Amino acid sequence: MILLPLNPGTYAGRKFTVRYQTGGYYDIEPSEQGFSMKYIPLGTPAEKSFEEDEFFGEWLELEAPVAFGAFEGEKLIGFVEGSIESWNNRFRISNICVFDHQNRSAGVGTMLMEAIQKTAASVGARMIVLETQSCNENAIAFYRKNRFSIIGFDLYAYSNTDPDRHEIRIEMGKKLMEERN
């Protein structure tokens, strides 16, 4: 397996679909004191997927997009993309995925995460951030393993039925540098 930079001119607009299995979700409930969050297991694992997405999507409004692909021979088995958010000096990972289930525990995601974090640090970002969904328990575990913490969520980011579908947007982040006062 090798890791290579992806050229936006070559990859922009190419389509992909991500599928994953989940055995549960994080239930996020508002209360008078704030919010509570607890893990709820499903009776049987469920397959989820994101609608068809595209590399370097125009909707992302990436300032200086950077992407890396993990390849086995000529086959792209995973990728990560992101860019600096200059208005707040954070680096946003807009996509990170490993396409085949069998590659998800083979270190591909870790290699992609290390590459994008080095890029974020090299541009002087103070923090690296990303979003995931409350039902993507494996992604949440992977991000926590990489020292990301939950920094916020949006109960209705995707639709008015996100809580009912157990697909609440969770923001996760990791400080890359301490700010000086």
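On a predicted model such as this, the values are computed, not experimentally measured, just so you know. Heavy atoms only: backbone and side chains are in, while hydrogens, waters and symmetry mates are out.
The same ILVMFWY cluster, assembled from side-chain heavy atoms under 4.5 Å apart, contains both Met113 and Met1. Ile170 and Leu130 fall within a single hydrophobic cluster, where Ile, Leu, Val, Met, Phe, Trp and Tyr side chains are chained together by heavy-atom contacts under 4.5 Å. Met127 and Met177 sit in two unconnected hydrophobic clusters of ILVMFWY residues. Membership requires side-chain heavy atoms under 4.5 Å apart, directly or through other members. The cluster map of Ile, Leu, Val, Met, Phe, Trp and Tyr, joined by side-chain heavy atoms under 4.5 Å apart, puts Ile40 and Leu155 in different clusters. Val129 and Ile96 are not part of a single hydrophobic cluster, where members link through side-chain heavy atoms under 4.5 Å apart.
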Fill in: Audit row: Phe56, Ser83, side chain to side chain contact (heavy atoms under 4.5 Å, CB included) steps and yes/no
CA-CA 10 Å; Phe56 301 101; Ser83 74; over 6 Å; no
Worksheet item: side chain to side chain contact (heavy atoms under 4.5 Å, CB included) between Met37 and Ile150: does it pass, once the steps are laid out?
Response: CA-CA 11 Å; Met37 184 170 147; Ile150 294 173; 3.2 Å; yes
Practice prompt. Decide yes or no on side chain to side chain contact (heavy atoms under 4.5 Å, CB included) for Thr119 and Phe68, but give the supporting numbers first.
Written response: CA-CA 10 Å; Thr119 299; Phe68 298 95; 3.4 Å; yes
Discussion item. Would Asp53 and Val18 count as a side chain to side chain contact (heavy atoms under 4.5 Å, CB included) here? Give the steps.
Written reply: CA-CA 8 Å; Asp53 202 348; Val18 176; over 6 Å; no
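Panel note: side chain Asn146, backbone Phe142; a donor-acceptor pair is recorded below 3.5 Å. Remark: the backbone N or O of His166 is paired with a side-chain donor or acceptor of Ser134 at under 3.5 angstrom.
The distance from atom CZ of Arg90 to atom CD1 of Ile151, rounded to the nearest 0.5 Å, is 5.0 Å. Taking CD from Glu131 and CD1 from Ile168, the interatomic distance works out to 13.0 Å, rounded to the nearest 0.5 Å. For the atom pair SG (Cys97) and CD (Glu81), the distance works out to 8.5 Å, reported to the nearest 0.5 Å. Note that the OH atom of Tyr26 and the CD1 atom of Ile140 stand 5.5 Å from one another [nearest 0.5 Å]. Atoms NZ and CZ, from Lys174 and Arg147 in turn, are 4.5 Å apart once rounded to the nearest 0.5 Å. Taken to the nearest 0.5 Å, the CZ atom of Phe153 stands 11.5 Å off from the CD atom of Glu171.
Residues Ala120 and Leu176 come closest through the heavy atom pair CB-CD1, 3.7 Å. Between Ile84 and Ala125, the closest heavy-atom pair is CD1-CB, 3.7 Å. Of all non-hydrogen atoms in Gly69 and Leu112, the two that sit nearest each other are C-CD2, 4.3 Å. Nearest heavy atoms, Asp162 versus Ser159: OD1-OG, 2.8 Å. The two atoms that bring Ile77 and Phe71 nearest to each other are CG1-N, 4.4 Å, heavy atoms only. Residues Phe148 and Ile93 approach most closely at CZ-CD1, 4.4 Å, considering heavy atoms.
Aromatic ring centres of Phe79 and Tyr11: separated by at least 6.0 Å.
At least one side-chain heavy atom of Ile116 sits under 4.5 Å from a side-chain heavy atom of Ile128. With contacts defined as side-chain heavy-atom distances shorter than 4.5 Å, the pair Tyr143/Thr132 qualifies. Counting heavy atoms from C-beta on, the side chains of Leu76 and Phe16 never come closer than 4.5 Å. Looking at heavy atoms from C-beta onward, Phe55 lies out of side-chain contact with Pro8 at the 4.5 angstrom threshold.
Crowding of Lys38 atom NZ: a count of heavy atoms from other residues, nucleotides or ligands under 6.0 Å not exceeding 12.
In summary, the side chains of Gln133 and Lys48 do not present any donor paired with an acceptor at a separation below 3.5 Å, with no hydrogens or angles considered.
Taking the charged nitrogens against the carboxylate oxygens, Arg144 and Glu137 have no contact shorter than 4.0 Å, which rules out a salt bridge.
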